[in-house]
Amino acid sequence: MNVLNKLVVATLPAVPKTLIRQFANRYIAGEDVADAVRVVRELNVRGAMATLDVLGEDIPIPEEALKARDMIAQLLETIKDERLDSNVSIKLTQLGLKLDRDFCLENAGRIVERARALGNFIRIDMEDSSCTTDTIRIYRQLRKQFDNVGIVLQARLRRTLEDAESLIREGLKNFRLCKGIYIEPEEIAFKERGAINENFTRILELMLDAHSYVGIATHDTRLVDSAYRTILERKIPRGNYEFQMLLGVRPELREKILRDGHRLRIYVPFGKQWYEYSIRRFKENPQIAGYVLKALFTRNRLN
Ligand SMILES: Cc1cc2nc3c(=O)[nH]c(=O)nc-3n(C[C@H](O)[C@H](O)[C@H](O)COP(=O)(O)OP(=O)(O)OC[C@H]3O[C@@H](n4cnc5c(N)ncnc54)[C@H](O)[C@@H]3O)c2cc1C
């Protein structure tokens, strides 16, 4: 991130929430389940699948984890009732990972069990590197009982190639592969875009060669193009992979992937915690944060 972008991002906390909200509308479905249903239905009509995320992470007390667990279980019922083409993504720190690992496992297990009963699937998001080992451990434990659950691995981390290899060896082969959103120290993470992309491609090839199911989660045209080549060269069946993108990011690429005949899933976050999520997105793309500030100072119309 260059100096100007750093400055822009540093200024964000001073920006009124109402202004952030107008920009956030692009990245989140809304605050309520009804908003999520509406957005997923629109995506489904356009030929895209969805994965719903109830916003929230790092909960401080067990009661909040239980509340999140019940909300997610209820969401699974709604998906079924509304006949949506959507699975659900969960964050383990929202289910108490930082409070007690067994408590978190129990909560995640209840969700995956409910999803199984309803014919649905749960994807465990990957959080910052302090969670990686525990998240993989919980995934392994859940897979002893359930096969409707998959994990996310981050190409940014140096350890990921080995993690992917050992999970594949154990037959645990349902992945989402992304670059990784968290800023991590150099000892454990690649810093250069080229190195991250190279690792992404290498791990993607490993996963696909091992007949894994892979969610290829990126908006990077170069990675999408190289994934296309890998899929074509290795004759990967259409049912073994899907592309994945975040709601509100690069809709033109989304349309292209669909037009090219690939399956595509959109990550649709919703809930009361929209502010924290949006700030994270702005940090990823300070250009948008810049528009927010410009609107603030020039009093431009926002929409
Ligand atoms: C479906 C999905 C699930 C994810 N799950 C996780 C997870 O569990 N854990 C995790 O750590 N990370 C997750 N991520 C985030 C991911 O790791 C990256 O941070 C993010 O996708 C940006 O990387 P990129 O591959 O798109 O490449 P980048 O090089 O960052 O972006 C490529 C291009 O996409 C556009 N772009 C990217 N981000 C934005 C944005 N916010 N707003 C507007 N344009 C943008 C820009 O034009 C940019 O040049 C997920 C991403 C997706 C798509």
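Starting from 1, each residue takes its place in the sequence as its number. Both backbone and side-chain heavy atoms feed into the values below; hydrogens, waters and symmetry mates do not. Start at 1 and go down the list; that is how both ligands and their atoms are numbered.
- Which parts of ligand 1 touch Tyr182 is read off a 4.0 Å heavy-atom cut-off, strictly below it: atoms 11 (O).
- Atoms of ligand 1 lying under 4.0 Å from at least one heavy atom of Tyr267, given by number and element, are 1 (C), 3 (C).
- Nearest residue to atom 27 (O) of ligand 1 from Gln244, Lys179, Met245, Arg123 is Lys179 (criterion: closest heavy atom).
- The residue Glu127 has no part lying near ligand 1, judged by heavy-atom distances below 4.0 Å.
- Using modelled atom types, one finds a donor on one side chain and an acceptor on the other under 3.5 Å when comparing Asn197 with Lys179.
- Geometrically, ligand 1 and Gly180 share a nitrogen or oxygen pair separated by less than 3.5 Å.
- Atoms of ligand 1 lying under 4.0 Å from at least one heavy atom of Tyr27, given by number and element, are 40 (C), 41 (N), 42 (N), 43 (C).
- Side-chain polar atoms of Tyr139 and Asn174 form no donor-acceptor pair below 3.5 angstrom.
- Of the listed options Thr218, Leu177, Leu157, Thr218 places a heavy atom closest to atom 24 (P) of ligand 1.
- For the side-chain contact (heavy atoms from CB on, under 4.5 Å) criterion with Leu52, the lone passing option out of Leu76, Ile72, Leu75, Asn87 is Leu75.
- Ionic pairing of Glu252 and Arg250 is present here: one or more N-O contacts between side-chain nitrogen and carboxylate oxygen are shorter than 4.0 angstrom.
- Of all the heavy atoms of Arg156, none lies under 4.0 Å from any atom of ligand 1, so neither backbone nor side chain is involved.
- Atoms of ligand 1 found under 4.0 Å from any heavy atom of Arg250 (numbered from 1 in listed order, with element): 34 (O), 35 (C), 47 (O).
- Residue contacts with ligand 1 include Arg193, since one or more of its heavy atoms lies under 4.0 Å from the ligand.
- For the ligand labelled ligand 1, residue Phe200 lies outside the 4.0 Å heavy-atom shell.
- Ser89 pairs in a side chain to side chain donor-acceptor pair (under 3.5 Å) with only one of the listed residues (Gln244, Arg176, Arg123), which is Arg176.
- Backbone and side-chain nitrogen or oxygen atoms of Met126 are examined, and one is located within less than 3.5 angstrom of a nitrogen or oxygen of ligand 1.
- Per-residue contacts place Ile181 under 4.0 angstrom from the following atoms of ligand 1 (heavy atoms of the residue considered): 10 (C), 11 (O), 12 (N), 17 (O), 19 (O).
- Residue-ligand proximity, Val152 to ligand 1, at heavy-atom distances under 4.0 Å covers atoms 7 (C), 8 (O).
- Contacts between Arg265 and ligand 1 below 4.0 angstrom, taking non-hydrogen atoms only, are absent altogether.
- Using cut-offs of 30° and 60° for the angle between ring planes, the Phe243 and His262 rings count as perpendicular.
- Summarising the geometry of Val268 relative to Leu247, their closest heavy-atom pair is CG1-CD2, 4.3 Å, with the distance given to 0.1 Å.
- Numbered from 1 in the order shown, with element, the atoms of ligand 1 that lie under 4.0 Å from a heavy atom of Asp125 read 8 (O).
- Among Gln154, Arg26, His219, the residue whose heavy atom lies nearest to atom 37 (C) of ligand 1 is His219.
- Contact between Phe190 and Leu157 at its shortest, heavy atoms only, is CE1-O, 4.2 Å.
- At a cut-off of 3.5 Å, with distance as the only test, no side-chain donor of Asp220 or Thr218 sits close to an acceptor on the other residue.
- With sequence neighbours left out, the side-chain contact (heavy atoms from CB on, under 4.5 Å) criterion links Arg229 to Asp225, Ser226, Glu233.
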